[in-house]
Amino acid sequence: MRVDVIGGGPAGLYFAILTKQSQPQVQVNVIERNRADDTFGFGIVLSDETLANLERADDASYRDIAANFAYWDDIYTHYKGLVLKSSGHGFSGIRRRTLLQILQRHAAELGAEVRFETEDVGAASHREADLIVGADGINSRVRGDLAAHFAPAIELRPNRFVWLGARTTLPGFTYSFRENEHGIWNLHAYMYAHGECTLVVETTDDAFKAAGLAVENEEATAAYVARLFSEELDGAQVLTNRSFWRQFPVVRCAAWHHGNVVLLGDAAHTAHWSIGSGTKLALEDAIALHQALLKHADDIPAALATYEVERRPEAERIQHSANTSLVFFENVRRFWHMDPVQFNFALLSRSKQITYENLRKRDARVIGDVDRWWARHVAYAESIRLPSDFSAPPPMFAPLTLRGMTVMNRVVVSPMCQYSADDGTPTDWHFVHYGSRAVGGAGLMLTEMICVARDARISRGCAGMYKPEHLPAWKRVVQFVHVHSDCKIALQLGHAGRKGSTQLGWEEMDRPLAKGNWPIIAPTPIAYYPGLSQVPRAMTRQDMNRVRDEFVVAVRMGIECEFDMLELHMAHGYLLASFISPITNRREDEYGGSLANRLRFPLEVFDACRRVWPKEKPMSVRISATDWIPGGIMGADAVEIARAFKSRCCDLIDVSTGQTDPASKPVYGRMYQATFAEQIRNEIGIATMAVGAITTADQVNTLIASGRADLCALARPHLADPYFTLHAAAEYQALGYPPQGVSWPKQYWSGRDQLYALARRAKQEAEQRLIELRPRKPDVGPAREVDAGRQSFAALQR
Ligand SMILES: Cc1cc2nc3c(=O)[nH]c(=O)nc-3n(C[C@H](O)[C@H](O)[C@H](O)COP(=O)(O)OP(=O)(O)OC[C@H]3O[C@@H](n4cnc5c(N)ncnc54)[C@H](O)[C@@H]3O)c2cc1C
Ligand SMILES: Cc1cc2nc3c(=O)[nH]c(=O)nc-3n(C[C@H](O)[C@H](O)[C@H](O)COP(=O)(O)O)c2cc1C
């Protein structure tokens with residue numbers, strides 16, 4: 001068998017090693033255009049997890065790699081004149097050239113033939129090979145030649161970055177953020193050998209241009225960086241090695257194999273360098289391909305298919321984290337108003353891999369600082385004088401005040417249609433459903449979308465606020481919540497628009513009724529499912545007047561019911577959302593076209609409602625911050641939409657996404673919509689509520705403490721567990737904080753006491769187990785830890 005590997009980087013060489021080590025009889029040729037000791041850049045990082053994988057895959061090369069590590073545990077963040085330290089991160093740095101030399105040596109010793117200084121001309125020149133491995137990096141020719149099969153998509157990110165070096169000693173991984181007359185500059189610096197470190201400097205395209213730096217003028221770049229970061233680098237000279245300013249290309253391929261050709265590493269996918277995973281992915285791809293080939297020894301197509309099926313989810317997970325991480329660095333300005341403690345936490349939690357709880361495991365002091373800072377500067381700043389021995393609660397248990405409404409904590413029961421009303425009248429189901437969630441501990445609960453007219457309903461089971469019977473029925477629900485819980489209750493009002501007259505949620509959702517459909521309206525007559533859904537009638541100005549007035553009548557009824565907050569539903573493709581999105585609004589009058597025009601009617605409805613809704617009570621708007629459709633609403637539009645509502649005295653933006661049209665292609669993941677809440681909150685300074693795949697108290701604390709949202713709404717988790725917040729309170733032993741961040745019904749106090757005792761015991765047992773199973777650091781020689789002096793929390797107090 002003959003295997004030709006195109007590219008002698010980490011992916012190609014490691015695959016050659018693994019193949020020769022397990023199947024010495026296989027002929028392995030590696031074709032590399034560079035000389036053996038050529039390399040770009042300086043050092044790379046590998047995490048403890050990757051090292052464990054390398055150790056399992058090939059102990060011999062692992063030992064050589066491990067012997068050349070610079071190991072560190074700490075991250076230092078320089079921000080606005082302060083340095084914050086966090087520990088327990090476990091990373092190793094190695095000179096890229098050393099790594100390649102080790103891999104080259106092992107590959108040669110095992111009998112692989114590595115042909116240096118050989119330019120490969122593509123997969124077509126390897127007809128004799130049984131397997132062709134395209135490990136030719138970010139600009140892969142193999143990928144390009146077979147683009148019709150691999151279908152690569154390459155997205156060039158806007159920031160500029162450059163890879164440099166310096167001869168100096170750093171105490172740990174170092175981030176520094178400095179602002180000058182040109183803009184904000186980010187430094188990522190880490191050691192890879194004694195006295196040698198890698199620097200990656202990054203900035204926006206605007207700052208790069210304002211600084212007058214040329215892409216390939218290495219001398220000017222080095223001088224600029226040395227000046228800017230002289231303090232962090234202790235005055236060291238900045239070194240270059242083909243240090244050109246680049247833009248990061250995010251590479252994705254629809255397929256990674258075709259016939260007997262397969263892509264590995266950067267050729268198949270890239271992960272932004274800010275999570276230090278490019279080499280990790282390359283090496284772990286090689287391990288995965290090797291294992292698939294062992295599994296299907298005589299069947300290369302089956303092996304390649306297995307490799308792709310098994311490896312893709314993990315590679316995409318890392319790529320997703322990297323993409324989430326790069327958003328932070330592209331938008332540092334968004335976080336620039338933050339205090340150091342919060343900025344540092346937002347930085348560390350940027351890719352959502354490190355959360356509040358995860359960071360506590362790494363360095364409990366950092367979370368202690370976050371809790372105390374949060375409590376003193378955000379949660380209780382104005383309302384309460386805290387005693388000196390105050391033990392700060394996790395951020396989720398802090399109150400939030402919007403106008404005259406104070407919610408006791410940051411957990412919200414998200415609006416959820418129950419499809420169980422009788423001509424809009426809520427039934428016993430609603431009474432029990434809302435009642436049980438109100439006593440479950442959340443600070444705020446939203447009703448489902450309550451429709452402002454019979455023909456405004458999504459389905460025949462939707463709740464309404466349009467006839468006299470609705471008033472006492474909703475009043476009963478609100479009264480129960482007020483009398484028996486400390487939860488606040490908000491009324492969500494909406495109109496279904498073109499998504500109206502459809503089946504119940506558990507039937508065929510968004511599809512028309514088999515019979516008895518009622519006429520529907522929308523800004524533009526576009527059916528939701530063309531050929532299947534009803535075509536809505538385009539709204540006239542008279543229709544707009546009627547709908548606006550129906551909202552106002554419903555608001556007046558809501559006032560009588562004594563709801564605490566009013567939310568207008570302008571998301572998910574319903575009527576008001578469909579005015580805002582260009583996908584559903586194609587009008588040519590003053591209600592269509594520009595965003596300002598498309599917002600005209602939704603703002604008119606908002607203004608009319610705000611006029612009657614009591615001044616002391618807050619109002620929010622739920623928006624779809626992106627349509628997930630090219631040409632539709634995007635994050636930047638969402639900021640403008642939120643700005644428009646803020647200017648009309650809206651107090652909170654409830655940030656959801658999508659559901660505008662069946663063409664939406666959402667990118668799901670943990671907390672996947674929170675990034676839009678973050679953008680709106682920090683770009684225009686309005687409170688936001690994040691929602692979508694937030695499932696744990698840890699995630700709530702992460703989003704709240706990092707300043708990505710002010711409230712977190714959980715929908716499905718509250719269906720499975722109405723007592724989500726009470727369970728979280730037990731987990732954190734949150735009881736008796738001033739003021740109480742959680743409230744248990746007195747009828748349930750004995751259950752509370754038992755749950756707290758059980759949670760306390762479970763925590764003690766887990767801590768004991770942790771002590772017994774202390775993670776092993778790789779045995780890689782002395783760590784060059786230099787303690788730069790951790791800034792005490794007291795020093796950070798302003
Ligand atoms: C600024 C920056 C910082 C980074 N920091 C880190 C980090 O901290 N940690 C980390 O893990 N990763 C980091 N990376 C990413 C890392 O360098 C790559 O992701 C990793 O090297 C990918 O390995 P690879 O083998 O797939 O590709 P490469 O390392 O690019 O190897 C491909 C090889 O193919 C050869 N080649 C290409 N075309 C041909 C041809 N036609 N004929 C012959 N040979 C060819 C090239 O010369 C090259 O040697 C960083 C990248 C950048 C840009
Ligand atoms: C059964 C169900 C009904 C829903 N009904 C509404 C609704 O009436 N109004 C609304 O704005 N969102 C509604 N949503 C969306 C949720 O409020 C929430 O945005 C979404 O489910 C994502 O949150 P999650 O991941 O916590 O479930 C509904 C969701 C579910 C699961």
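The chain is numbered in sequence order, starting from 1. In each ligand, atom 1 is the first atom listed, and ligand 1 is the first ligand listed.
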The complete set of salt bridge (charged side-chain N to carboxylate O under 4.0 Å, His left out) pairs with one or both residues in residues 267-282, sequence neighbours excluded, reads Glu49-Lys280, Lys280-Glu284
Within the structure, does Trp273 bring an N/O atom to less than 3.5 angstrom of an N/O atom in ligand 1?
no
The atoms of ligand 1 lying under 4.0 Å from a heavy atom of Asn34, numbered in the order shown, are 47 (O)
Any heavy atom of Thr118 under 4.0 Å from ligand 1? The part involved is backbone
In ligand 1, the atoms that come under 4.0 Å of a heavy atom of Phe161 are 1 (C), 53 (C)
Within the heavy-atom cut-off of under 4.0 Å, ligand 2 is lined by Ser414, Pro415, Met416, Cys417, Glu448, Met449, Gln492, His569, His572, Arg622, Val691, Gly692, Ala693, Leu714, Ala715, Arg716, Pro717
By salt bridge (Lys or Arg N to Asp or Glu O under 4.0 Å), Arg157 pairs with (sequence neighbours left out) Glu155, Glu330
Please confirm whether Arg96 approaches ligand 1 to less than 4.0 Å, judged on its heavy atoms. yes
Contacts of Asp4 meeting salt bridge (Lys or Arg N to Asp or Glu O under 4.0 Å) (sequence neighbours excluded), chain-then-number -> Arg2
In Val261, Ile31, Asn29, Val133, the residue satisfying side chain to side chain contact (heavy atoms under 4.5 Å, CB included) with His126 is Ile31
Checking heavy-atom distances from atom 1 (C) of ligand 1 to each of Tyr192, Phe173, Trp163, the winner is Trp163
So the atoms of ligand 1 within less than 4.0 Å of a heavy atom of Gly265 turn out to be 26 (O)
Ligand 1 atoms nearer than 4.0 angstrom to some heavy atom of Asp266 are 18 (C), 19 (O), 20 (C), 22 (C), 26 (O)
Counting heavy atoms under 4.0 Å, the part of Arg141 that contacts ligand 1 is neither
Correct closest heavy-atom pair for Phe69 and Leu51 would be CZ-CD2, 3.0 Å
Check whether the ring centres of Trp256 and Phe150 lie less than 6.0 Å apart, and answer yes or no.
-> no
Partner of Phe161 under ring-ring contact (aromatic ring centres under 6.0 Å, His included), picked from Trp273, Phe244, Phe208, is Trp273
With no hydrogens and no angle check, just 3.5 Å: does a side-chain donor-acceptor pair link Asn323 and His272? no
Aromatic ring proximity Phe606/Phe645, centre distance under 6.0 Å:
yes
- Message: Looking only at the side chains, is there a donor atom on one of Ser325 and Ser274 sitting less than 3.5 Å from an acceptor on the other?
- Response: yes
Honestly, for Pro10 the part within reach of ligand 1 (heavy atoms, under 4.0 Å) is both
So the atoms of ligand 1 within less than 4.0 Å of a heavy atom of Ile31 turn out to be 43 (C), 44 (N)
Within 4.0 Å of some non-hydrogen atom of Ala135, the atoms of ligand 1 are 32 (C), 33 (C), 34 (O)
Quick note on ligand 1: atoms under 4.0 Å from a heavy atom of Tyr190 include exactly 5 (N), 7 (C), 8 (O)
One finds that the ligand 1 atoms under 4.0 Å from a non-hydrogen atom of Val45 are 7 (C), 8 (O), 9 (N), 10 (C), 11 (O)
Strictly under 6.0 Å, is that where the ring centroids of Tyr175 and His188 end up?
-> yes
Exercise for the section: Assess whether side-chain hydrogen bond (donor to acceptor under 3.5 Å, both in side chains) is satisfied between Asp627 and Ser581, documenting all intermediate values. Expected result: CA-CA 8 Å; Asp627 290 324; Ser581 170; 2.7 Å; yes
Restricting to heavy atoms, the pick from Gly137, Ala271, Gly9 nearest atom 27 (O) of ligand 1 would be Gly137
Heavy atoms of Val691 and Gln673 approach each other most closely as O-NE2, 2.7 Å
| task | Indicate whether the side chain of Asp266 and that of Thr270 have a donor and an acceptor atom separated by less than 3.5 Å. | result | no
The option among Leu283, Thr279, Val5 carrying the non-hydrogen atom nearest to atom 12 (N) of ligand 1 is Thr279
